[in-house]
K.L.:
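Below you will find the structure I want to go over with you.
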Amino acid sequence: MARRYFTTPIYYVNDRPHIGHLYTTVVTDTLARFFRQQGEDVRLLTGTDEHGQNIEKVAKKEGVAPIVVADRHALTFRNLWKEFGISNDDFIRTTELRHRLGVEEIIRRIDAAGDLYSAGHEGWYCANCEAFYPEKDLVDGNCPVHGFKTEWQREENVFFRLSKYGPRLLELYEKGVEGKPFVFPESRLNEVRSFVESGLKDLSVSRTTISWGIPFPGRPGHVVYVWLDALVNYITALGLGSSDLTLYERYWPGIHVIGKDILRFHAVYWPAFLMSAGLPVPRQIVSHGWWLRDAKKMSKSTGNVVRPDDLVAAFGVDALRWHLVSAMSFGQDANFSDEDFLAGYNADLANGLGNTLSRAVKMSRDFFGGKTPSVRRKTTPGGPLVFVAAQKAGDDWKNSFEGYRLQDAAAAIRYLLGAIDAEITATEPWKALRQPPLSSEELFEFRSHVLYDCLEALRVAACMLAPIAPRTATEVFRRLGTDKRAEDLRASDLAWGLLPLDAPLPAAPPLFPRADAKEYFASRGAGTAGASKESSVADTKENISPSKQIPPSSPETKISIDDFLKIDLRVGEVIAAEKVEKSKKLMKMTVRIGEEVRTIVGGIATAYTAEQLVGRKLVFVANLAPAKLMGIESNGMVLAATLPETGEASLLAVDPSVPSGAKVK
RNA sequence: GGCGGCGUAGCUCAGAUGGCCAGAGCAGGGGUCUCAUAAGCCCUUUGUCGGCGGUUCGAUUCCGCCCGCCGCCA
């Protein structure tokens, strides 16, 4: 069985994760999921880089041990990956013993190869970069990268004979690995090549100015240079340095997905270290571009960081995954804007996927007693149009993924969904009166054939969506009456005709409710530049009086069970809450109901604080028509008893073990 | 300064070893259907394919120069 080992970079733990970390990780996860789906034996690794002066500094400031700071941030990353459905098989931290042992092993090997030597070194040193700069590069005596003050320092360091590996590296770039270019995209390979061609200097691989690091073997007072420490994670996580090399032998060499800013470390230093240690070099370095805002790289220092939280709260994890994968030409830079996100969300997810699914499922439910059709077309030459479209889309999708053209893989899904919509419109299965007229048996058969084709094409589309938006794919399968999960898929699932006949189709609310861009931006009080602007939710112009939400129930009217079942009651989990400014009672809650995240406003602020709500599971009306309260669109309603004396709300409690999204009836 | 890349419809991008009307998605405009989430379908506008020259029967595609943007290196 083909094997493939994907890695993300290990992330430095001095910052909360932002969309850059998220992008790399989502993309790598998507690739890993695709190749698993193709039947390959795939392993996915991510982790955190926890050594270095910055951590040391933060720890000192807080008066705690560095590991405490590292623990905290590592947990943040772990939780984020869990939330985003990242399917990593392992999570490595450079502060783990297994890692240290592996680093020591590598250094032992490099030393044994005669590639380490001691030498004095002095120059202007930037503590933040952990690097020396030539005097002419300094800007007013400060670090050219960060502008921090530099100091004249003298060190006796351990050097790695990087210069020795120039020819072998050039050969690697020339030949590639397994017939593929060593670096993707190839324009980046050229950069690396010209860097190496211009001549390599030996590399200092120990530091005496830092104590928070891996002690350099045999050099008291020295710690291992941060990149030598960090890069090795890719193999220490496979057991190098331990007695159990099973994973190492099974998965190395791997494919490293990285941002273009760390290309040189991965395409020059890392293979050189490995060559020296007598180990195989990576299969490939896959370098992607940056999400830009205002045409600048997003970074903490410039303050133009897009945090995923807002978009996820409003639209869900998979909506963001979809945007990240589909909206960027993989390998190039792209601009991130909320407008583009919204446009793509509506076009692809709400209209393309959600609405198409909805119309096909609704008709099938109506015509076939809440089930999928009981008969389907015998395969005819050429087949229905959606069948042809599904074949073509499937081929494009596969080829695109294999060539790392993720945006084209997404386009193939769009294409198939468009074909399904066109098929429904062309055949008009809702029309009972037809030309020429059909007998009722003929009509039944006609509808069965058309709707089976469309539902089946939707199933195929969901298979194709699975690597990008796994939870959504699983939900689509559920709504198509199957219990497949994204993780169970194989290449054979794209074959035509696997949708079961006569399978119950559950009723369900819109998969991705259409978002009104105007309202969304109004509610955030910010326009295009809105990453970090304060949202002024209580816009005075929008001073709509908070309407009394529910009129008292009309006296003693009896309703049927069917009437009651029109109300879609669901268990939801409050993931964020804030009191609506300028309102006494209103609480704005971000609620996760199943896979879906929405904003729900309720008049419970007099009885509960935001803190009391977050993390609680409550009962919500999930299919209430949206209403605007104090300028905020509320998509649902929270159920609470009203206390007779005070009129205060008392929330309906749900056992915490009940999963979010569970139906209440 | 050296090396490399890019500049194609309002936006995001495809594409062409030089020739059949230069494309897609989104946005915009018009029409239409009603199963569906104001969704669907059909039709539709704009492009001197950055500028100027050259090679050629013919260039947006090749060459040179220029302008603008970007990357790597120094």
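Scope of the values below: all heavy atoms of this structure, side chains included, with no hydrogens, waters or symmetry mates. Only a predicted model underlies this, so the values are computations on that prediction, with no experimental measurement involved. Order of the sequence lines fixes the chain letters, A, B, ..., with proteins taken first and strands second; residue numbering starts at 1 for each chain.
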K.L.:
P atom, B:G23 versus B:C69: distance in rounded Å?
P.N.:
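To the nearest whole Å, 32 Å.
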K.L.:
Using the P atom on both, measure B:G50 against B:A16 and round to a whole Å.
P.N.:
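These two P atoms come out 16 Å apart once rounded.
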K.L.:
Separation of A:Glu339 atom CD from B:C26 atom C1', in whole Å?
P.N.:
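Roughly 13 Å, once rounded to whole Å.
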K.L.:
Between A:Lys164 and A:Asp202, does any NZ, NE, NH1 or NH2 come within less than 4.0 Å of an OD or OE carboxylate oxygen?
P.N.:
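No, no charged N to carboxylate O under 4.0 Å.
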K.L.:
Atom NZ of A:Lys260 and atom P of B:G5: how far apart are they, to the nearest Å?
P.N.:
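Rounded to the whole Å, the gap is 16 Å.
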K.L.:
Answer yes or no: is there an ion pair linking A:Lys398 with A:Glu402, defined by an N-O contact shorter than 4.0 Å?
P.N.:
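A salt bridge is present here (some side-chain N lies under 4.0 Å from a carboxylate O).
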K.L.:
A:Arg405 CZ to B:G15 C1': how many Å, rounded?
P.N.:
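Between C1' of B:G15 and CZ of A:Arg405: 13 Å.
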K.L.:
When rounded to the nearest Å, what value does the distance between C1' atoms of B:C41 and B:A9 take?
P.N.:
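The same atom, C1', in both gives a distance of 23 Å.
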K.L.:
For atom P, what is the distance between B:C63 and B:G19, given to the nearest Å?
P.N.:
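Result for the P pair: 15 Å, nearest Å.
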K.L.:
Determine the contact category for A:Asp421: base if any of its heavy atoms lies under 4.0 Å from a base atom, sugar-phosphate if only primed atoms, P, OP1 or OP2 are that close, otherwise nothing.
P.N.:
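Sugar-phosphate only.
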K.L.:
Whole Å only: how far is the NZ atom of A:Lys201 from the P atom of B:C73?
P.N.:
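Rounded to whole Å, this separation is 12 Å.
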K.L.:
Remember a base hit wins even if backbone is also touched, and classify A:Phe512 as base, sugar-phosphate or nothing at under 4.0 Å, heavy atoms.
P.N.:
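It contacts base atoms.
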K.L.:
Consider only side-chain N and O atoms of A:Ser374 and A:Asp502, and report whether a donor and an acceptor are under 3.5 Å apart.
P.N.:
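Side chains of A:Ser374 and A:Asp502: no pair found under 3.5 Å.
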K.L.:
Expressed as a whole number of angstroms, how long is the span from A:Gln407:CD to B:G15:P?
P.N.:
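Those two atoms, CD and P, are 10 Å apart.
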K.L.:
Please determine whether a side-chain nitrogen or oxygen atom of A:Arg414 lies at a distance below 4.0 Å from atom OP1 or OP2 of B:A24.
P.N.:
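No, because none of the side-chain N or O atoms of A:Arg414 sits under 4.0 Å from OP1 or OP2 of B:A24.
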K.L.:
Hey, does the side chain of A:Lys362 come within less than 4.0 Å of B:C35's phosphate (OP1/OP2), counting only N and O?
P.N.:
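No.
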K.L.:
Given 3.5 Å as the limit, does a donor-acceptor pair link the side chain of A:Arg447 with the main chain of A:Pro429, or not?
P.N.:
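Checking the backbone N and O of A:Pro429 against the side chain of A:Arg447, a donor-acceptor pair under 3.5 Å is found.
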K.L.:
Mind checking the C1' distance from B:A14 to B:C49? Whole angstroms is fine.
P.N.:
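So the two C1' atoms sit 12 Å from each other.
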K.L.:
Would you please say whether a donor-acceptor pair under 3.5 Å links the side chains of A:Gln284 and A:Tyr404?
P.N.:
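Yes - a donor-acceptor pair under 3.5 Å links their side chains.
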K.L.:
Contact class for A:Leu263 vs. all strands (heavy atom < 4.0 Å): base, sugar-phosphate, or nothing?
P.N.:
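Touches nothing.
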K.L.:
Could you state the atom-to-atom distance from CZ of A:Arg264 to P of B:C3 in whole Å?
P.N.:
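One finds 20 Å between P of B:C3 and CZ of A:Arg264, rounded.
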K.L.:
Atom CZ of A:Arg479 and atom P of B:A36: how far apart are they, to the nearest Å?
P.N.:
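Taking atom P of B:A36 as the reference, CZ of A:Arg479 is at 15 Å.
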K.L.:
Determine whether a donor-acceptor pair (N or O, by modelled atom type, separation under 3.5 Å) exists between the side chain of A:Ser660 and the backbone of A:Gly594.
P.N.:
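Yes: the side chain of A:Ser660 pairs with the backbone of A:Gly594.
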K.L.:
Pick base, sugar-phosphate or nothing for A:Pro429, based on heavy-atom distances below 4.0 Å to the nucleic acid.
P.N.:
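Nothing, no nucleic acid heavy atom in range.
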K.L.:
Examine A:Trp291 together with A:His18 and report whether their ring centres are nearer than 6.0 Å.
P.N.:
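Distance test on ring centres: not under 6.0 Å, no.
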K.L.:
Please tell me which of the listed nucleotides, B:U34, B:C35, B:C72, lies nearest to the side chain of A:Lys431?
P.N.:
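The listed nucleotide nearest to A:Lys431's side chain is B:U34.
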K.L.:
If the test is side chain to side chain donor-acceptor pair (under 3.5 Å), which one of A:Arg188, A:Glu186, A:Arg193 qualifies with A:Asn190?
P.N.:
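Among A:Arg188, A:Glu186, A:Arg193, the one meeting side chain to side chain donor-acceptor pair (under 3.5 Å) with A:Asn190 is A:Arg193.
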K.L.:
Of the nucleotides B:U37, B:C41, B:C72, which one has an atom closest to the side chain of A:Glu191?
P.N.:
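Of the candidates, B:C72 comes closest.
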K.L.:
Hydrogens and angles aside, do A:Asp318 and A:Thr472 bring a side-chain donor and acceptor to less than 3.5 Å of each other?
P.N.:
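Yes, because at least one side-chain N or O of A:Asp318 sits under 3.5 Å from a partner of the opposite role on A:Thr472.
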K.L.:
If we take the C1' atom in both B:C72 and B:U56, what is their distance in whole Å?
P.N.:
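After rounding to an integer number of Å, I get 37 Å for this pair.
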K.L.:
Go through B:C41, B:U37, B:C33 for me and flag the one nearest to the A:Trp430 side chain.
P.N.:
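So the side chain of A:Trp430 is nearest to B:C33.
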K.L.:
What's the CG-C1' distance between A:Leu342 and B:C11, to the nearest Å?
P.N.:
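Distance check: A:Leu342 CG to B:C11 C1' gives 15 Å.
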K.L.:
If we take the C1' atom in both B:C11 and B:G47, what is their distance in whole Å?
P.N.:
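Per the computed distance, 14 Å lies between those C1' atoms.
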K.L.:
Taking only the side-chain heavy atoms of A:Ser329 (C-beta and beyond), determine which of B:G40, B:G71, B:C13 contains the nearest atom.
P.N.:
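Nucleotide nearest to A:Ser329's side chain: B:C13.
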K.L.:
Taking only the side-chain heavy atoms of A:Ser358 (C-beta and beyond), determine which of B:A36, B:G71, B:C41 contains the nearest atom.
P.N.:
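Taking heavy atoms from C-beta onward, the closest nucleotide is B:A36.
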K.L.:
The side chain of A:Ala350 lies closest to which of these nucleotides: B:C35, B:U37, B:G71?
P.N.:
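Minimum distance to the A:Ala350 side chain belongs to B:U37.
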K.L.:
Let me spell it out: for each of A:Asp333 and A:Val192, pick the nucleotide of RNA chain B with the closest heavy atom. Which residue's pick is nearer the 5' end?
P.N.:
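Final value for this comparison: A:Asp333.
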K.L.:
Distance check, P atoms only: B:U17 and B:C42, in whole angstrom units.
P.N.:
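Approximately 31 Å lies between the P atom of B:U17 and that of B:C42.
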K.L.:
Looking only at side-chain atoms of A:Phe195, point me to the closest of B:U37, B:U34, B:C73.
P.N.:
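Closest of the options to the side chain of A:Phe195: B:C73.
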K.L.:
Check nucleotides 27-30 of chain B against the protein and report each pair of N or O atoms closer than 3.5 Å, with its distance, or say if there are none.
P.N.:
none

K.L.:
So, is A:Gln332 near the phosphate of B:A14, with a side-chain N or O under 4.0 Å from OP1 or OP2?
P.N.:
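Checking B:A14 against A:Gln332, a side-chain N or O does come within under 4.0 Å of OP1 or OP2.
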